[in-house]
Amino acid sequence: MTDIGAGRIMAAFASLGAAATHLAVAPSHFGDWQLSGMFFFATAVFQAGWALAVMRGAGGRTMAAGLLVNAGSILLWAVSRTSGLPVGPHSGMPEQIDRVDLTTVAFEAAVCVLALWCLWSRHARGFRSSLSAAVVIGAAGAGVAGLALPAVELAGSHSHGHETTDESVPHSHGQDGEHPATPTPGGGEGGTPPTSPTVGETGEPERPAPASSHAHRPGTAPHDD
């Protein structure tokens, strides 16, 4: 580790952070479009493998491959957030920018800058002691973990931000803009069966009940009708 250099160590940890966020959002992309989920999963595998190769002292070709892949991922992200991807179920629809995206792009940008610096310097400068190497490794690991863990937690609720409406569902409005109630077979509305009218509510005059017997004046004898 003392011969690798600080630039390679930080580039490796930044690549591990980008791999963690890509792996966390891959399931949601699988549900939206299977090819998109496969892309995110493959990118995460490459970034994790690239980080391990760099930590073991990989050469210039490996550094160049990491630079190209991460730069291409940043370019693809920029297109998806501006004009929208040209293919897929949401082609031509720009996606919203969230914290997970910004964290991932920050890791990938760090990988590009550090990889370019390592290619330009050619020879990595090692550490004077194992203690200084351990300090740089601990600081890089803590910084990447502090940025990646909140993004991974938010990845469960990661959404693409495509606006959808319910206009495709046919419905009609009344004159006042209200939805008409749905009639039921029994003639009621809203699932409530109609109630039978009571006496006096039908609009017809009430008829008096016939008397069972006649009343007679006092002093008169009763008789049959």
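As the structure is a prediction and not an experimental result, all values here were calculated from the model.
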Is there a path of hydrophobic side-chain contacts, each under 4.5 Å between heavy atoms, that joins [X] and [Y]?
| X | Y | result |
| --- | --- | --- |
| L23 | V45 | yes |
| L119 | W50 | yes |
| V54 | M10 | no |
| M63 | V69 | yes |
| V79 | F39 | no |

Work out which heavy atom in [X] is nearest to a heavy atom in [Y]; give both atom names and the distance.
| X | Y | result |
| --- | --- | --- |
| A11 | V111 | O-CG2, 3.7 Å |
| L67 | A115 | CB-CB, 4.2 Å |
| H29 | V25 | CD2-O, 3.0 Å |
| A48 | A19 | N-CB, 3.8 Å |

How long is the span from the [atom1] atom in [X] to the [atom2] atom in [Y], to the nearest 0.5 Å?
| X | Y | atom1 | atom2 | result |
| --- | --- | --- | --- | --- |
| N70 | L114 | CG | CG | 10.5 Å |
| F107 | L102 | CZ | CG | 12.0 Å |
| I9 | M55 | CD1 | CE | 5.5 Å |
| Q96 | R81 | CD | CZ | 9.5 Å |
| L75 | S80 | CG | OG | 10.0 Å |
| W77 | L85 | CH2 | CG | 12.5 Å |

Can you confirm whether F30 is buried at CZ, in the sense that more than 12 heavy atoms of other residues, nucleotides or ligands lie under 6.0 Å from that atom?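 Enclosed: over 12 neighbouring heavy atoms sit under 6.0 Å from CZ of F30.
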Are H90 and D32 side-chain neighbours, meaning at least one heavy-atom pair lies under 4.5 Å? yes
Specify whether F40 and H22 have parallel, tilted or perpendicular ring planes, treating 30° as the upper limit for parallel and 60° as the lower limit for perpendicular.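 Perpendicular.
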Between T104 and V100, is there a donor-acceptor pair closer than 3.5 Å when you use the side chain of the first and the backbone of the second?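 It does hold such a pair.
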